Amino acid sequence: MARKKIVAGNWKMNKTPSEAVALVNELKPLVASEDVDVLFCVPAIDLVPVLEAVKGSNIQVGAENMYFEESGAYTGEISPNMLTDIGVKYVIIGHSERREYFAETDETVNKKVLKAFEHGITPIICCGESLTQREQGITIDWIRQQIKIAFQNVTADQAKTAIIAYEPIWAIGTGKTATSDQAEEVCAAIRECIGEIYDDATKEEIRIQYGGSVNAGNAAELFAKPNIDGGLVGGASLKADFGKIVNYK
Ligand code: PEP
């Protein structure tokens with residue numbers, strides 16, 4: 001089964017609501033594509049204006065985070081209901097910046113993934129190794145562990161629709177991209193791991209992105225790899241370059 005590529009922008013903590021609308025209007029004609037799913041993951045406060053601005057285009061909108069409770073005394077958090085109420089269908093879960101600065105763990109990632117599925121939101125589940133772990137030769141073991149915990153109690157039908165973003169931490173925002181062979185090796189290992197947890201159908205259907213300094217110059221080589229189904233793009237998603245990444249062929 002041919003998997004459709006998905007190229008997602010992660011805006012991180014950038015763009016005020018008015019700047020966000022201006023960026024959507026600039027990128028809209030550049031990211032038009034029938035071959036690739038295009039997703040903008042934007043700060044919570046930008047979600048409503050961005051959803052409005054993308055109307056009538058091929059752009060889908062996702063959140064960058066979500067809490068795993070329904071409602072209550074969790075000051076500053078965003079619930080799944082808040083996202084679905086405004087029409088958000090994707091959420092990034094467990095980005096390495098959230099793990100590093102906001103104490104997210106594999107266990108909270110799993111809780112968020114389960115909650116997202118409960119509400120019909122597709123999670124983009126991030127995993128990735130540090131430079132030290134890569135140098136120690138434990139990358140694959142580390143990633144397999146992250147995946148196994150993230151997918152605990154997730155059904156095969158849910159897992160088929162999930163998106164995994166393999167993002168080596170040393171490549172995020174550093175301008176240092178994993179080589180296409182390095183990225184493919186880990187994405188293939190992730191797919192194998194999904195096959196072990198579930199079955200061949202789930203292994204074939206799940207989409208696995210690469211993220212880490214993807215740009216207009218390296219996207220084509222990365223996305224040509226058999227186990228890389230697109231990218232999660234930070235810095236380059238805020239510029240016209242994003243259009244070249246989407247239309248990488
Ligand atoms: C990211 O934010 O997920 C990311 C990969 O960032 P960058 O493309 O800037 O490395």
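Every number for a ligand or one of its atoms is a count from 1 in the order of the listing. Predicted model, so just to flag it, every value in this text is computed and none were measured.
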Problem - contact_flag Gly231 ligand 1 heavy-atom lt 4.0 Å - result: no
Handout entry: Shortest protein contact, atom 3 (O) of ligand 1 (heavy atom only)
Key = Glu167 OE2, 2.6 Å
Problem - Among Arg207, Lys89, Lys5, salt bridge (charged side-chain N to carboxylate O under 4.0 Å, His left out) partner for Asp37 - result: Arg207
Practice task
Before signing off on this row, confirm whether His95 and ligand 1 have an N or O atom pair separated by under 3.5 Å.
Solution key: yes
Practice task
Determine, for Lys12 against Glu64, whether the closest basic-nitrogen to carboxylate-oxygen distance falls under 4.0 angstrom.
Solution key: no
Exercise for the section: Could you tell me whether Lys160 and Asp157 have a side-chain N and a carboxylate O separated by less than 4.0 Å? Expected result: yes
Practice task
Please lay out, stage by stage, how Glu167 and His95 fare under the test side-chain hydrogen bond (donor to acceptor under 3.5 Å, both in side chains).
Solution key: CA-CA 8 Å; Glu167 299 206 304; His95 190 281; 3.2 Å; yes
Exercise for the section: Please identify which atoms of ligand 1 are closer than 4.0 Å to at least one heavy atom of Ala171. Expected result: 10 (O)
Completion exercise
In ligand 1, the atoms that come under 4.0 Å of a heavy atom of Leu232 are 3 (O), 5 (C)
Practice task
Give a yes or no answer on whether the side chain of Arg144 reaches the backbone of Ile190 with a donor-acceptor pair at less than 3.5 Å.
Solution key: no
Exercise for the section: Begin with the C-alpha distance, continue with both residues' side-chain angles, and end with the deciding distance and a verdict on side-chain hydrogen bond (donor to acceptor under 3.5 Å, both in side chains) for Glu135 and Thr132. Expected result: CA-CA 5 Å; Glu135 285 168 355; Thr132 311; 5.3 Å; no
Exercise for the section: For the pair Phe151 and Tyr198, name the ring-plane relationship: parallel under 30°, tilted 30 to 60°, perpendicular over 60°. Expected result: perpendicular
Practice task
Sort out for me which residue in Asp229, Val7, Ile228, Leu232 forms a side chain to side chain contact (heavy atoms under 4.5 Å, CB included) with Gln209.
Solution key: Leu232
Fill in the blank from the handout: For Gly212, the atoms of ligand 1 under 4.0 Å from one of its heavy atoms are 5 (C), 10 (O)
Handout entry: Proximity winner for atom 10 (O) of ligand 1, if only heavy atoms of Gly211, Gly173, Ala236, Cys41 are counted
Key = Gly173
Practice task
State whether the shortest distance between N or O atoms of Gly235 and N or O atoms of ligand 1 falls below 3.5 angstrom.
Solution key: yes
Problem - Pair Phe223 and Tyr210, ring centroids less than 6.0 Å apart - result: no
Problem - Short N or O distance, Ser213 and ligand 1, threshold 3.5 Å exclusive - result: yes
Handout entry: ligand 1 to Gly234 polar contact by distance, N or O atoms, under 3.5 Å
Key = yes
Problem - Identity and separation of the nearest protein heavy atom to atom 2 (O) of ligand 1 - result: Lys12 CE, 2.6 Å
Practice task
Examine the proximity of ligand 1 to Ala165 and report which part, side chain or backbone, both or neither, has a heavy atom under 4.0 Å away.
Solution key: neither
Practice task
Would you check whether Ile172 has a nitrogen or oxygen atom less than 3.5 angstrom from a nitrogen or oxygen atom of ligand 1?
Solution key: no
Handout entry: Subset of ligand 1 atoms that lie under 4.0 Å from at least one heavy atom of Asn10
Key = 1 (C), 2 (O), 3 (O)
